[in-house]
Amino acid sequence: MSGAWAMEFLRLGVLALLGLTAGLVSGELAWSMAVAAAIALVFHLLQLYRLHHWIVNDEDRNNPPDAGGVWGELIDVLYRFGKRHRKRKERLARLLERFNEFTGAMPDANVVIGPQDDIRWMNEAAVSLLGLDQPADLGQRITNLIRYPGFVQFLRRGNYSETLEFPAPQREDVRLSVRVVPFGNNERLIAARDVSHFFRIERMRRDFVANVSHELRTPLTVLAGYLEAYIDMVEEMPAALRPSVGHMQGQTARMQQIVDDLLTLSRLDSENVIASDQEEVSVPGVVSTLREDAEALSGGRHEVVAEVDSGLLLRGEAKELHSAFSNLVSNAVRYTPDGGRIVLRWSAGPAGEARFEVSDSGIGIAPADIPRVTERFYRVDKDRSRATGGTGLGLAIVKHVLQRHGARLEVRSRLGKGSTFACVFPAGRVLRKVRRVGVG
Ligand code: ADP
């Protein structure tokens with residue numbers, strides 16, 4: 001038993017003893033015991049009153065009432081508990097203040113949204129960069145406030161390893177790069193960074209490549225024209241010069257092809273990120289043309305087969321898609337030795353997707369090279385690529401065109417066995433007309 005309780009019982013015992021003695025002396029035992037009980041009750045009520053008064057009055061917080069016994073100990077415990085609680089609250093308030101200072105100083109915009117895309121929190125940069133209003137926009141859906149079409153799709157798609165670039169709302173000169181980080185209970189942090197500087201450098205690089213390519217075009221055309229004329233007069237030339245004319249013509253054609261590919265890439269770069277879906281592209285028609293082109297390019301050295309779902313169409317940009325598919329077909333012919341087989345396939349995939357596939361029985365690609373073949377100027381075997389008129393830009397064009405159509409490129413290949421390049425289009429771009437499957 002603690003000292004306070006012993007003291008309390010002692011106090012009660014003494015009072016009872018006094019009551020008993022007074023009762024025995026006066027002969028009114030009941031009354032004197034009642035008076036002793038009343039004194040004890042009044043004492044405890046008084047202590048209770050002082051405790052209550054101290055707890056409810058904020059000004060007295062640091063002045064606990066004096067009381068002995070159990071009451072004194074109770075008041076002491078409450079006093080220490082309150083002090084600890086106040087200290088913790090102050091520490092938390094200071095932490096919150098520091099957090100607000102820190103998020104306010106951050107140059108990147110940060111917005112926390114809930115499962116319904118509702119805004120729960122934002123920092124100051126979100127106001128200046130994303131054009132949001134604090135606190136008026138709290139609770140609003142972010143998709144109603146940031147209307148860039150790609151942003152809504154990006155948020156819905158849920159592939160948060162990617163970033164999205166778009167012009168800042170209300171500030172066309174600012175380019176933002178946005179990331180989404182899921183956390184907590186179905187919440188997401190949207191972090192937007194001002195990348196205008198990198199964007200401008202990237203645009204300068206793109207413009208430079210486009211301008212150089214453009215400037216080279218005319219002199220190359222002139223050279224090619226003269227070389228054409230020299231070829232006609234080759235018999236009149238000294239014998240030692242004759243082979244060089246053909247060689248120069250071959251190299252000029254190659255340069256023209258590189259310049260054309262670079263111009264195609266910079267055109268794709270400078271257009272909208274997302275290809276229009278207004279045009280209906282008859283892929284079966286495109287595949288049939290590509291098959292004829294492949295046969296012409298092969299000159300009978302390969303077997304070329306097309307398997308086409310003729311009811312399947314695409315929404316996209318016909319010229320771009322034709323150029324991408326044609327690059328795959330030309331690669332299949334160029335990297336397949338004589339006697340090989342090339343299959344062009346256009347078919348419906350799972351979940352409403354559509355696939356354009358080119359399979360060959362050619363030289364194949366080593367696993368380490370597969371992820372790199374879509375890089376600009378990446379060639380597994382430079383000499384072979386050059387010898388067959390390659391520029392190292394074909395698959396970069398394919399990748400770009402597919403990105404603009406929301407599609408992906410799947411590459412399967414085994415060294416010495418052959419390769420399959422598949423362009424997989426999302427259901428949203430696929431159109432279904434009367435279904436018929438033809439094999440040619
Ligand atoms: P290139 O003009 O050199 O063909 P691409 O960008 O079209 O450039 O292709 C890049 C590289 O990928 C090629 O140099 C080649 O090494 C490899 N490649 C592309 N398609 C095939 C294929 N069907 N079979 C084997 N290798 C291929």
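If you read the sequence from its start, that first residue is 1, and numbering goes on from there. Start at 1 and go down the list; that is how both ligands and their atoms are numbered.
Residue Gly394 has at least one N or O atom closer than 3.5 Å to an N or O atom of ligand 1.
The proximity of Val358 to ligand 1, defined as any non-hydrogen pair under 4.0 Å, does not occur for either the backbone or the side chain. Contacts between Val380 and ligand 1 below 4.0 angstrom, taking non-hydrogen atoms only, involve backbone and side chain alike. In Arg384, neither the side chain nor the backbone holds a heavy atom less than 4.0 Å from any atom of ligand 1.
Of the listed residues (Arg379, Lys399, Arg386), the one carrying the non-hydrogen atom nearest atom 14 (O) of ligand 1 is Arg379. Of the options Tyr335, Phe377, Tyr378, the smallest heavy-atom separation from atom 18 (N) of ligand 1 is shown by Tyr335.
Between Phe425 and Phe325, the angle of the ring planes goes over 60°, which puts this pair in the perpendicular group of the 30/60° scheme.
Taking a 6.0 Å sphere around CD of Glu279, one finds it holds more than 12 heavy atoms contributed by other residues, nucleotides or ligands.
Nearest protein heavy-atom neighbour of atom 3 (O) of ligand 1: Ser385 OG, 2.6 Å.
The atoms of ligand 1 that sit less than 4.0 Å from any heavy atom of Gly392 are 1 (P), 2 (O), 3 (O), 6 (O), 8 (O). In the vicinity of Gly390, heavy-atom distances shorter than 4.0 Å reach the ligand 1 atoms 2 (O). Close approach of ligand 1 to Leu395 is summarised as follows: ligand atoms under 4.0 Å from at least one heavy atom of the residue are 5 (P), 6 (O), 7 (O), 9 (O), 10 (C), 12 (O), 19 (C).
Closest approach of Glu73 to Ala4, counting heavy atoms only: OE1-CB, 3.6 Å.
In this structure, CD on Glu165 lies 9.5 Å from OH on Tyr148, to the nearest 0.5 angstrom.
At least one heavy atom of Arg334 lies less than 4.0 angstrom from ligand 1. Residue contacts with ligand 1 include Ile365, since one of its heavy atoms falls under 4.0 Å from the ligand.
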